[in-house]
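Heavy-atom basis, side chains included; hydrogens, waters and symmetry copies ignored. Please read all numbers here as calculations on a predicted model, not as lab measurements. Just so we're on the same page: letters track the sequence lines, and every chain starts at 1.
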2 protein chains.
Amino acid sequence: MTKPVTRTRIQRKNIALISEAALSVFSTYGFRGSTVDQIAREANLSKPNLLYYFPSKEAIHGHLLSTLMETWLAPLQDMKDDGEPLEEILTYMRRKLQMSRDHPRESRLFANEIVQGAPRIIEMLETELKDLVDEKAKVIEGWMDDGRLAKSDPYHLIFSIWSLTQHYADFDVQVRAVLGPENDDPFPAAERYLTTLFTRLLAP
Amino acid sequence: MTKPVTRTRIQRKNIALISEAALSVFSTYGFRGSTVDQIAREANLSKPNLLYYFPSKEAIHGHLLSTLMETWLAPLQDMKDDGEPLEEILTYMRRKLQMSRDHPRESRLFANEIVQGAPRIIEMLETELKDLVDEKAKVIEGWMDDGRLAKSDPYHLIFSIWSLTQHYADFDVQVRAVLGPENDDPFPAAERYLTTLFTRLLAP
DNA sequence: ATTCCTTTTGACCTTTTGGTCAAAGCGGAG
DNA sequence: CTCCGCTTTGACCAAAAGGTCAAAAGGAAT
């Protein structure tokens with residue numbers, strides 16, 4: 001009934017090719033603004049050939065999103081109860097910022113989906129993501145209650161890490177336009193600024 | 001040669017109707033993901049009737065964007081050299097947060113445009129916006145040099161105000177999914193959190 | 001009531017889009 | 001070398017998309 005688990009060399013290559021191309025296209029134009037032809041062209045495949053590997057445009061998009069979610073949640077999952085609180089949070093922030101630098105298309109794919117109402121992942125947000133954030137918010141609150149971090153709202157603290165770090169991927173063109181051409185890589189300054197920000201906010 | 005400046009009552013009504021509808025549609029699906037039919041339906045007009053007021057889909061979108069930019073830059077323009085520094089910045093932050101609450105569609109229209117590479121406003125970002133930010137960054141830097149604000153990067157400070165406040169409009173569904181249905185209005189807590197954040201970051 | 005300008009619409013056109021299908025090409029196990 | 005299943009493609013289709021146009025309908029000043 002289900003498809004064979006073992007993929008041929010060609011299948012692996014083409015699925016990877018399509019995923020790459022689809023990531024570029026979907027992250028730039030959103031789901032409805034992207035076309036199958038465009039993805040096929042970007043992948044150097046004919047449209048029917050692409051549709052031989054994925055049954056529909058929806059399927060490609062869904063494949064990307066579910067692959068992405070794991071990568072996306074990993075840094076927060078790795079924030080552990082038993083470290084030095086401020087260091088744990090700064091490390092989380094830095095890993096998220098790293099992802100904005102190294103995987104801006106993934107960040108924009110996600111941003112497009114959320115901005116447009118998250119029709120395809122709203123359920124995941126309300127279950128997996130909410131559960132994870134609830135858990136980590138408790139950890140953070142524990143640190144604050146123990147006086148190891150200055151008090152503030154743990155949920156909005158997490159939101160602020162998301163928004164500040166993802167901004168450098170999602171709004172990249174704006175950041176670069178404002179900083180001007182002489183300042184070619186905004187990330188080092190961003191990391192210094194965000195380190196200062198969270199240190200002053202959270203140092204007990 | 002140019003169109004008459006005086007608009008009839010009907011023109012004013014229909015242009016307003018179309019702008020409203022187009023704002024809803026474009027902010028949800030982005031430029032390429034939106035259709036003229038959809039906007040016409042939302043505005044309760046026939047498609048040819050809509051195209052009687054705007055020559056093309058591009059024209060509607062352009063009209064919205066240029067109207068929006070003025071509203072969008074106003075709060076930063078209003079940040080004045082002669083106030084109490086921390087208060088000026090907190091007021092700016094609060095006005096931006098207010099805009100996320102009261103005009104989320106405008107924020108998402110803007111976000112869609114930027115995330116998708118800002119093809120239609122990149123020039124404005126590199127001139128008007130950059131000039132304005134350069135000017136205000138100088139003001140902020142002056143405050144820091146005078147010891148009236150703690151030092152940090154003024155450009156990234158402005159970016160952080162943008163990202164933190166717009167997050168509550170652009171990523172609204174995610175914020176609500178994570179906070180759960182019992183917490184229906186995230187804005188009061190957001191304002192308290194952001195006030196604390198910027199106070200701790202900037203208080204001299 | 002007539003006129004003239006504004007507004008509205010049904011029918012239509014072309015291009016683009018997501019998707020199908022039968023047939024041709026290919027590659028490696030026997 | 002010869003199958004046989006995997007891969008690729010040209011041709012095609014129906015629906016949706018942006019946009020046009022001529023003609024009908026409205027409305028207000030005379």
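Atom-to-atom, NZ of A:Lys13 to C1' of D:dT7 comes out at 10 Å; the value is rounded to the nearest Å. Taking atom CZ on A:Phe54 and atom P on C:dT20, their separation rounds to 15 Å, with Å as the unit. One interatomic measurement links the two molecules: CZ of A:Arg12 to P of D:dC6, which rounds to 15 Å at whole-angstrom precision. Distance, B:Ile18 CD1 to C:dT7 P: 11 Å, rounded to whole Å.
Looking at A:Arg108, its side chain does come within 3.5 Å of a backbone N or O of A:Ala169 through a donor-acceptor pair. Within the 3.5 Å criterion, the main-chain N or O of B:Met79 finds a donor-acceptor partner in the side chain of B:Lys136. The main-chain N or O of A:Pro104 is never found under 3.5 Å from a side-chain atom of A:Ser107 such that the two would form a donor-acceptor pair.
Nearest approach of A:Thr165 to A:Ser100, heavy atoms of both residues: O-OG, 2.8 Å.
Each of B:Leu51, B:Leu23, B:Val25, B:Ile18 was scored for a side-chain contact (heavy atoms from CB on, under 4.5 Å) with B:Ile60, with one residue passing: B:Ile18.
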Give each protein N/O atom lying under 3.5 Å from an N/O atom of nucleotides 14-16 of chain D, with the pair distance.
none

Sort me out a list of protein N/O and nucleotides 28-30 of chain D N/O pairs below 3.5 Å, or just none if empty.
from	atom 1	to	atom 2	distance (Å)
D:dA28	OP1	B:Arg9	NH2	3.0

Start with the C-alpha gap between B:Tyr193 and A:Ser160, add the side-chain angles, then the distance that decides, and say whether side-chain hydrogen bond (donor to acceptor under 3.5 Å, both in side chains) holds.
CA-CA 9 Å; B:Tyr193 173 76; A:Ser160 69; 2.8 Å; yes

Show, in sequence, the C-alpha distance, side-chain angles and deciding distance for A:His63 and A:Tyr53, and conclude whether the ring-ring contact (aromatic ring centres under 6.0 Å, His included) test is met.
CA-CA 12 Å; A:His63 171 72; A:Tyr53 292 99; over 10 Å; no

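In summary, B:Glu141 and B:Lys151 do not engage in a salt bridge, as defined by a charged side-chain N under 4.0 Å from a carboxylate O. At a threshold of 4.0 Å, the pair B:Asp134-B:Lys138 does not count as salt-bridged, since none of the basic side-chain nitrogens sits closer than that to a carboxylate oxygen. Contact check on A:Asp37 versus A:Lys47 returns a salt bridge, with a Lys/Arg side-chain nitrogen under 4.0 Å from an Asp/Glu carboxylate oxygen.
Distances shown here put a side-chain N or O of A:Tyr53 below 4.0 Å from the OP1 or OP2 atom of D:dT8. Neither OP1 nor OP2 of D:dC6 sits under 4.0 Å from any side-chain N or O of A:Asn14. The shortest distance between the side-chain N/O atoms of A:Gln11 and the OP1/OP2 oxygens of D:dC6 is not below 4.0 Å. Taking side-chain N and O atoms only, B:Tyr52 has a distance below 4.0 Å to OP1 or OP2 of C:dT7.
Within a heavy-atom distance below 4.0 Å of DNA chain C, the residues of residues 36-51 of chain B found are B:Ser46, B:Pro48, B:Asn49.
Separation of the A:Tyr168 and B:His156 ring centroids falls under the 6.0 Å cut-off.
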